[in-house]
Amino acid sequence: MVPADQGGGLMRADLLAEPIADLDAALAAVDAFDHALVAGLLRPQPGRATGLTDLAQAVAGTPLAARVAEAAEKAAAGAAGEDHFVALAAARTALLGSVHDALMTRVEEATARPRGEGTAALPAPGGQEAVNLRAAARSWLSDLARTGWQGIDHDVVSGAAQVVSAMLPDPALRRLATLLDGFAAELAASCPGPALDRVPARRWADLWARALLLTLPGAAEAPATGAVTGRLLPLGVDVQEHATAAQAQVHAVFEPADGGAPRLVRASVSVPKPDTVVGVGIWQLLRPHMSLLAAVGEGRSMDLTDMPVTAEGDLLWSDAYARQGEPADPFATARVALPTATDAPTAPLDRHPARIAVPVFLEGYDSQKGDDALTFTVAGHPLAVDTDRIPTAGPLTPETVAGSSACIGLLRWDAGAYRVQPLAVEKTVRKKAVVLHAGGWAGGTTDKAGVKAEKAATEAVAALRERAGRLLRT
């Protein structure tokens, strides 16, 4: 019998290496359908049409079976309508949802933590204008499916612009509008389709299916929210940076003031940014919007009073509902509070393998660094380390992770295997324990490299604000 505590860690890595029944078959059906979308469904070739049949067979015996079988038949004949594309998108989403659930069940077994029960929001009817705009978006997405990724051109892609512009002023449609805008921008940057050397088939099919389902009534409605009061104990920060945007997502354990069971929650802040502000400089853009970042950088808890939260554990952060609390060591939180915390449930449309990001704690592992790859061996079982996700906006580096003895991270699933993304590590330097966090500079830093980078970013932001001010005055 394998002990639950492997080498001091709080996760059974052996379970993560065991195969999951029917997982490969479900993913193969998704890949086959995605392959059909590459060339388009206006006049699908027989070799591509088998992807439609595979998708229909994969959901046989489910409530979707009849509608998807009809949709696959119509699409194979080049006669699919919008409702048929919606059915195919729903089948693909359901398959990936089943993969997500199977992977999360294995994570529950490995961490010995329960998962919270989620509740789906009821569809809410919108006005006639919203109905028409959703229909327009559905029409554009159907045209994309017929054209295929290899057939896109600027005329096809530009069809989204008018729909997005009309949607953006409506808060209820902004989620769909943002997705369509980003999707169209990616496609536009890849035009013309026939010249593409490589097609990101999985990604574009993900975006297409998600957008298509968000055009259905109620699918894009804001999630139901409640309010929580208690103590927030940060674990770490996941930083994502793109050319024109940056996001910091704080993962934490929330302890209710009424003595209820602790739960895992997230708090996110996103900002637009100029492409000249990179690395440490992004904190200057993020800090003013969330006091939690300063608390993370200083190693403190936060006391929340009536903070809005969704059923999926996302805090709708407002500084008005939070005040700085006592010092709180994330590793003490990981060792004591994390094992008893309930994992957040997942909203139906978010059930996708790429969305898996579960806080975990590892200790007593051995590190092996191969050719551009780092592995933790936990009680004899290897676990890949995703060092590519370590941001440049903090003191954490692949080298410090490799020399660590304990790690707080996010367990993800990518390229057919579980991987851990480090958020913070403990290591011994001159017989003294040192802690390094990906968000260690979120509230500011005295580190020489960090101070220098912050100064450069300050100058860049000041110059950009001055230019923007001159443009507005002219």
Side-chain angles (χ1 to χ4, degrees), residues 9-13 15-17 100 103-104 106-108 110-111 113 203 234-242 246-253 264-270 279 282-283 286 293 296 313-314 330-331 333-334 338 341 343-344 346 350 352-363 365-370 372-378 381-427 435-442:
L10 295 177
M11 185 174 68
R12 286 189 55 182
L15 293 177
L16 302 180
H100 169 277
L103 292 169
M104 284 301 298
R106 184 58 55 83
V107 171
E108 288 177 43
T111 61
R113 292 200 310 258
R203 174 173 173 78
L235 289 166
V237 185
D238 179 20
V239 182
Q240 297 184 28
E241 183 181 349
H242 300 279
Q247 180 190 66
Q249 185 175 67
V250 180
H251 291 261
V253 175
L264 285 167
V265 295
R266 300 172 295 265
S268 302
V269 57
S270 302
I282 66 171
W283 296 122
L286 293 165
L293 293 177
V296 171
D314 289 298
F331 279 89
T333 299
L338 180 58
D343 282 335
T346 305
D350 291 340
H352 189 292
R355 296 297 296 268
I356 294 174
V358 181
V360 294
F361 174 61
L362 297 170
E363 192 173 30
Y365 48 78
D366 294 321
S367 300
Q368 291 83 36
K369 192 170 183 180
D372 298 323
L374 178 64
T375 302
F376 288 162
T377 299
V378 184
H381 299 280
L383 179 63
V385 181
D386 194 346
T387 54
D388 289 340
R389 288 181 179 267
I390 297 175
T392 58
L396 197 63
T397 65
E399 289 72 27
T400 56
V401 172
S404 66
S405 58
C407 174
I408 299 170
L410 296 178
L411 188 64
R412 297 184 178 274
W413 192 84
D414 184 38
Y418 288 101
R419 301 172 183 272
V420 64
Q421 171 194 343
L423 298 181
V425 298
E426 276 186 342
K427 62 178 299 184
V435 175
L436 297 167
H437 303 265
W441 295 343

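Predicted model, so just to flag it, every value in this text is computed and none were measured.
Residues V401 and C407 have side chains not in contact (no heavy-atom distance under 4.5 Å, counting atoms from C-beta outward). The side-chain heavy atoms of S268 and Q247, taken from C-beta on, include a pair separated by under 4.5 Å. With contacts defined as side-chain heavy-atom distances shorter than 4.5 Å, the pair S367/F376 qualifies. Looking at heavy atoms from C-beta onward, L264 lies in side-chain contact with L338 at the 4.5 angstrom threshold. Contact of the V358 side chain with the M104 side chain is registered, since non-hydrogen atoms from C-beta on lie closer than 4.5 Å. Under the 4.5 Å side-chain criterion, counting only non-hydrogen atoms from C-beta, H100 is in contact with T346. For the pair L423 and L410, the minimum side-chain heavy-atom distance is below 4.5 Å. Between I408 and T333, every side-chain heavy-atom pair lies at or beyond the 4.5 Å cut-off.
Here the OG1 atom belonging to T377 is positioned 3.5 Å from the CD atom belonging to Q368, to the nearest 0.5 angstrom. To the nearest 0.5 Å, the span separating OG1 on T375 from NZ on K369 amounts to 11.5 Å.
Under a 3.5 Å cut-off, the side chain of T111 and the backbone N or O of V107 do form a donor-acceptor pair. The backbone N or O of L15 lies less than 3.5 Å from a partner atom in the side chain of R106, making a donor-acceptor pair. At least one donor-acceptor pair under 3.5 Å links the side chain of Y365 to the backbone N or O of A406.
In terms of heavy atoms, A248 sits closest to L286 at CB-CD1, 3.9 Å. In plain terms, the two heavy atoms of L374 and T387 that are nearest each other are CD2-CG2, 4.0 Å. Closest non-hydrogen pair, A393 versus W441, comes out as O-CE3, 3.8 Å. Closest approach of V296 and G439 over heavy atoms only: CG1-O, 4.1 Å. Heavy-atom minimum distance, R113 versus A341: CD-O, 3.3 Å. Considering all non-hydrogen atoms of both residues, T400 and V425 come closest at O-CG2, 4.1 Å.
Of the residues R389, Q421, H251, the one that meets the side-chain hydrogen bond (donor to acceptor under 3.5 Å, both in side chains) test with D238 is Q421.
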One pair to check against side-chain contact (heavy atoms from CB on, under 4.5 Å): M11 and L383. What are the steps and the verdict? CA-CA 11 Å; M11 185 174 68; L383 179 63; 3.6 Å; yes

What verdict does the salt bridge (charged side-chain N to carboxylate O under 4.0 Å, His left out) test give for D388 and R419, after you've listed the backbone C-alpha separation in whole Å, the side-chain angles of each residue and the deciding distance to 0.1 Å? CA-CA 11 Å; D388 289 340; R419 301 172 183 272; over 6 Å; no

Chi angles and distances behind the side-chain contact (heavy atoms from CB on, under 4.5 Å) call for L411, I356: CA-CA 7 Å; L411 188 64; I356 294 174; 5.8 Å; no

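Ring geometry for H437 versus F331: interplanar angle of 30 to 60°, hence tilted.
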